[in-house]
Structure formats: structure tokens, C-alpha cells
*Asks:* 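Would you mind keeping the following structure in view while I ask a few things?
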Protein chains: 2
Amino acid sequence: METEAPLSTREAIMAAATNTVMTEGYNALSFRDLAADVGIKSASVHHHFPTKGDLAEAIVGRFGEDFTKRMEPLLDLPFEEALDGYIGLFRSAFVDSNRMCLGGMMSAEVSALPEPARAQLKGFVEAHKDFVRAVLLKKHKRMASEKLEGRVFAIFAAMEGAQLIARGLGGDAAVFDGIVESYKASGLLA
Amino acid sequence: METEAPLSTREAIMAAATNTVMTEGYNALSFRDLAADVGIKSASVHHHFPTKGDLAEAIVGRFGEDFTKRMEPLLDLPFEEALDGYIGLFRSAFVDSNRMCLGGMMSAEVSALPEPARAQLKGFVEAHKDFVRAVLLKKHKRMASEKLEGRVFAIFAAMEGAQLIARGLGGDAAVFDGIVESYKASGLLA
DNA sequence: ACCTGAACACCGTTCAAGT
DNA sequence: ACCTGAACACCGTTCAAGT
């Protein structure tokens, strides 16, 4: 049984930054606000992350790792449950205080990111594709590889789009659920 | 035959702001850069748009009108061509200098928008739904209304997601085309 | 190693002042 | 009606200085 571990300053900065980016976006993230959240001065944040771009790189990478940890156990489940679990990860982000997937948010703001952060973003997308591919193969064992790759990419993009639009309209879970239901009914999520 | 009409200062501000938001995002938009683009001082921009939120409201509204003007003629075409025309509107945005739909970008940055701008954003989404519904009814004349509404929303969200992800990965049109192809093959866009 | 105050050129916004 | 310079509290970043 773990007690809540005290976060290192570096970890606390990353946690606060991730939360702000998911709710307000990368360009709305301020080193001074971040420092206030953590209890240090803004100049001190630069000791841990020399530039804002370095911080972006770190939190996208970490977010990918955390997402992967939540996806992996779903691979033990059968197709339908694994897919619903994946959907639930997107759903919970904005049902829980109107947050958006960090990867989706960073994709919108990609012009502000330095190259290393963009590379982490590509890695994030690849991790999702690896997971979705593994889930699809549970059911579609003989799908042609080109078709499978297209479907994998399409499912990820569609989930990001559902979250983007549902959250943009005010975070109504029913909107998200309705879109996902139609993805299933049309055959995209099936 | 129209010659290029000289833009009023107000129109020039809106045009420059729209372009910046589509490429870099609303939070990256600066009144001082905007003023420099138009050839006035930043304090003068406030004469036309008292706050940045007022400008946001104006450009989302205008963007919706412009998008509707490009969608309307597509309604004279048969199902397949109308759908491809709609897809082309999303495709051209980022093929042409890696821009993102203003509505999708504003959805990601919705936390920075005042209520009137959010209302315009909802109107933008409704205009898209009206168009997509009309297109779907060309082919699916007897689809149950609840199912139709879900499909309409799903198609719009999926298009925004395809654009978000394809652009986030660097603006490769092949990524966008592959996702759309899979939307069609799976039955979502059909 | 980790933190800080002070400075720099930026930002949105306000306002009194010009034409 | 339209524009402006100057001021305000903000921003990311740098740096010399502290412990």
C-alpha cells in the first residue's frame, strides 16, 4: 500500500503544467502561474526546464507513458471491452473537469512547439496506433494490413475529433456518447 | 468582374486575425502583430474590437458565414460529389499552408473565449450539421431521425479529428487522405 | 544543485489626447 | 470616426548572485 509520495519539484512542475495544458492549452501556460502552483519563483522553473519548449517535450513524453500504462491492461480484455475501455479514457478526460487529451491539444498548437516536442507528439500517436491495432486484431484477424493501418489511424483521429467537438461545445458527455455510438453503428468502431 | 476590393481597416483586421488563428491559434494571436500586419498601432485595433474576445466573436461568426457560402453550392451536386466537396474544404485548409479549421482551433482553446464567442462557435457547428444532414438525406432518405442526427455529428467530429491529427503530424495530405479513405470504407462516410 | 531578484522585450488593456 | 503614445500589470527568458 503506497502512501501519497511527495512529488519532487520537477515532478510537481510537470503535473501542474500537464493539467493546465489539458484545460487551457499550451499557449495559455504561464511560467509564473506554474511557479505559483508549485511554490517557487518563475526563474526557478527554468532551472528544471530551460525553455517552455523543453517543458512541452517532457510533458508530452510523460503523458504518452501514462496513457500507455492505462491502455496496456485493456489488452487482456476481449475486443468489445478493450475498445470500450479505450473510449472511456477519452471520455473521462473531459467529463472530469473539461480536460482535453494533451496530444490533441498539442496537435492544435503544434506551431508553437520546437522539433523535439513534435517528435514526442509523433511518438504519442504511434503508441495509440500500436494499441488500437492490437485491439482490432482481436476481432479482425485477417484484415489486409493496408486496410488495418487506415482503420487504426481513423479510429484514433475520430476519437480525438469527438473529444475536441464535445468539449468545445461545453463538455456535455451526451454529445460525446452520441458521436461514439454513431461511430459504432456506422462500422468505424466495430 | 470584380477588381480586388480595398479592405476596410476592420475587414483587414479580421482577415489577418483569422489567418493567424488558423495557423497558430487564438492564444498566439497578438494585437501588436495584428496591428503591424494591418499598418496601424495596437491601440487602434481596440477601436474596432474593444477586447480580444470581441474579435474572436467576430471572426468565428464570419468564418461560419464564409464556410456556409462554400458549402451551399455543393448541395446542388449528387451525394458522392457533395461529400467529396465537403471533404475538400477540410483538406484544402492544411494543404494550403498548414492551416486548421477556425472552429476546430477555437474548440481546443474554448476556455479562453468569452460567452458570445462560444455562442458563435455553437452556431458554426450547427451550420455544419445542417449541411451534412442535407447531404446525407440525398442518399439515406429513410434513415431514422435519431440515427441521422448521430451520424451527422459523427461525420463533423471525424472530419475535425482527421484534420487535427494530420496537421499535428506535419501537414501530410496523405495522412488526411488515408483517414478519410478509411472513414468511407468503414461506412461512416457512406 | 537549487533558488532568487532584477532586467529585457514582449503581451492585452486603458485612457487622455490628437485629427 | 479613427488613430496614437504612454502607462499598467502581465509574459518568457537571461543572468549575476545567493545558499
Side-chain angles (χ1 to χ4, degrees), chain A residues 5-60 105-106 108-118 120, chain B residues 5-60 105-106 108-118 120:
Chain A
L7 292 181
S8 68
T9 301
R10 182 184 165 87
E11 293 294 328
I13 292 169
M14 288 177 64
T18 299
N19 192 58
T20 299
V21 174
M22 289 176 76
T23 51
E24 305 187 38
Y26 175 69
N27 282 324
L29 177 68
S30 150
F31 266 43
R32 281 177 176 82
D33 288 346
L34 206 48
D37 286 345
V38 175
I40 56 178
K41 297 297 174 183
S42 82
S44 305
V45 179
H46 289 276
H47 175 260
H48 299 279
F49 303 97
T51 69
K52 198 175 168 182
D54 293 320
L55 177 56
E57 181 186 351
I59 64 175
V60 175
M105 186 67 89
M106 291 295 205
E109 297 179 291
V110 66
S111 73
L113 302 180
E115 180 47 41
R118 295 182 192 196
Q120 289 292 337
Chain B
L7 292 181
S8 67
T9 301
R10 181 185 166 88
E11 292 294 328
I13 291 169
M14 290 178 64
T18 299
N19 192 58
T20 298
V21 174
M22 290 177 76
T23 51
E24 305 187 37
Y26 175 69
N27 282 322
L29 177 69
S30 150
F31 266 45
R32 281 177 175 81
D33 287 347
L34 207 48
D37 285 346
V38 176
I40 56 178
K41 298 297 173 183
S42 81
S44 305
V45 178
H46 289 276
H47 176 262
H48 299 280
F49 303 98
T51 69
K52 197 175 168 181
D54 293 320
L55 177 56
E57 180 187 351
I59 64 175
V60 175
M105 185 68 88
M106 290 296 206
E109 297 180 292
V110 67
S111 73
L113 302 180
E115 180 46 42
R118 294 182 193 196
Q120 288 293 336

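Naming: A, B, ... by sequence-line order, numbering from 1 per chain. Below, all heavy atoms of this structure are taken into account, side chains as well, without hydrogens, waters or symmetry copies. Since we're looking at a predicted model, the values are computed, not measured.
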*Asks:* On DNA chain C, nearest-nucleotide positions of A:Thr9 versus B:Phe49: which is more 5'?
*Replies:*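 Here A:Thr9 is the residue nearer the 5' end.
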
*Asks:* In a check of side chain to side chain contact (heavy atoms under 4.5 Å, CB included) between B:Val38 and each of B:Leu7, B:Asp33, B:Ile13, which one passes?
*Replies:*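 Only match with B:Val38 under side chain to side chain contact (heavy atoms under 4.5 Å, CB included): B:Ile13.
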
*Asks:* Please state how far atom CZ in B:Arg10 lies from atom P in D:dC3, giving the value in whole angstrom units.
*Replies:*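 About 12 Å, once rounded to whole Å.
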
*Asks:* Between C:dC3 atom P and A:Phe31 atom CZ, what is the distance in whole Å?
*Replies:*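 The answer, rounded to whole Å, is 14 Å.
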
*Asks:* Output the rounded distance in Å from NE2 (B:His46) to P (D:dT4).
*Replies:*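 About 13 Å, once rounded to whole Å.
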
*Asks:* Which nucleotide, D:dA6, D:dT13, C:dG12, lies nearest any side-chain atom of B:Ala43?
*Replies:*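 Ranking D:dA6, D:dT13, C:dG12 by closest atom to the B:Ala43 side chain puts D:dA6 first.
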
*Asks:* Does C:dC3 have its OP1 or OP2 closer than 4.0 Å to a side-chain nitrogen or oxygen of A:His48?
*Replies:*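 Answer yes for this pair, as a side-chain N or O of A:His48 is under 4.0 Å from OP1 or OP2.
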
*Asks:* Just to confirm, is there a sub-4.0 Å distance from OP1 or OP2 of D:dT4 to any side-chain nitrogen or oxygen of B:Ser42?
*Replies:*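 For D:dT4, neither OP1 nor OP2 has a side-chain N or O of B:Ser42 closer than 4.0 Å.
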
*Asks:* Run the numbers on B:Ile59 and B:Met106 for side chain to side chain contact (heavy atoms under 4.5 Å, CB included), then give the verdict.
*Replies:* CA-CA 10 Å; B:Ile59 64 175; B:Met106 290 296 206; 4.0 Å; yes

*Asks:* Specify the separation, in whole Å, of atom CD1 of B:Ile13 and atom P of C:dG12.
*Replies:*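 Taking CD1 of B:Ile13 and P of C:dG12, I get 13 Å after rounding.
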
*Asks:* With both distances kept under 3.5 Å, what pairs with D:dT13, Watson-Crick or G-U wobble?
*Replies:*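 The base-pairing partner of D:dT13, which may sit in any strand shown, is C:dA7.
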
*Asks:* Over how many whole Å does the gap from B:Arg32 atom CZ to D:dA7 atom C1' extend?
*Replies:*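 So the CZ-C1' distance, B:Arg32 to D:dA7, works out to 11 Å.
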
*Asks:* Tell me what A:Asn27 touches on the nucleic acid: a base, only sugar-phosphate, or nothing, going by heavy atoms under 4.0 Å.
*Replies:*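 Since no nucleic acid heavy atom lies under 4.0 Å of A:Asn27, the category is nothing.
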
*Asks:* Spell out, as yes or no, whether a donor-acceptor pair under 3.5 Å connects the side chain of B:Glu109 to the backbone of B:Asn27.
*Replies:*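 Yes; judged by distance alone, with no hydrogens or angles, the pair exists.
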
*Asks:* Nearest to the side chain of A:Ser30 - C:dC2, C:dG12, D:dG12?
*Replies:*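 The listed nucleotide nearest to A:Ser30's side chain is D:dG12.
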
*Asks:* Just call it for A:Leu29: base, sugar-phosphate, or nothing, with non-hydrogen atoms closer than 4.0 Å on any strand.
*Replies:*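 Answer is sugar-phosphate: A:Leu29 comes under 4.0 Å of backbone atoms only.
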
*Asks:* Say whether, by atom type as modelled, one donor and one acceptor occur between the side chain of B:Asp54 and the main chain of B:Thr51 under 3.5 angstrom.
*Replies:*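 Checking the backbone N and O of B:Thr51 against the side chain of B:Asp54, a donor-acceptor pair under 3.5 Å is found.
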
*Asks:* From CG of A:Asp33 over to C1' of D:dA9, roughly how many Å is that when rounded to an integer?
*Replies:*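 It works out to 13 Å between those atoms.
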
*Asks:* Taking only the side-chain nitrogens and oxygens of A:Ser44, find out if one of them lies under 4.0 Å from OP1 or OP2 of C:dT4.
*Replies:*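 Indeed, a polar side-chain atom of A:Ser44 lies that close.
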
*Asks:* Just the rounded figure in Å: distance from P of C:dG5 to NE2 of A:His47.
*Replies:*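 About 16 Å, once rounded to whole Å.
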
*Asks:* Can you measure A:Leu55 atom CG to D:dC11 atom P for me and round it to whole angstrom units?
*Replies:*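 To the nearest whole Å, that distance equals 15 Å.
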
*Asks:* Determine which nucleotide pairs with C:dG18, using a 3.5 Å limit on both distances of a Watson-Crick or G-U wobble pair.
*Replies:*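 Matched C:dG18 with D:dC2 under the 3.5 Å cut-off.
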
*Asks:* Can you figure out which of C:dG12, D:dG12, D:dT4 approaches the side chain of B:Ile40 most closely?
*Replies:*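 Between C:dG12, D:dG12, D:dT4, the one nearest the side chain of B:Ile40 would be D:dT4.
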
*Asks:* Checking all strands, does B:Asp54 fall into the base, sugar-phosphate, or nothing category for heavy-atom contacts under 4.0 angstrom?
*Replies:*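 No contact.
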
*Asks:* State the CG-CD1 distance between B:Leu34 and B:Ile40, to the nearest 0.5 angstrom.
*Replies:*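 The CG atom of B:Leu34 sits 8.0 Å away from the CD1 atom of B:Ile40.
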
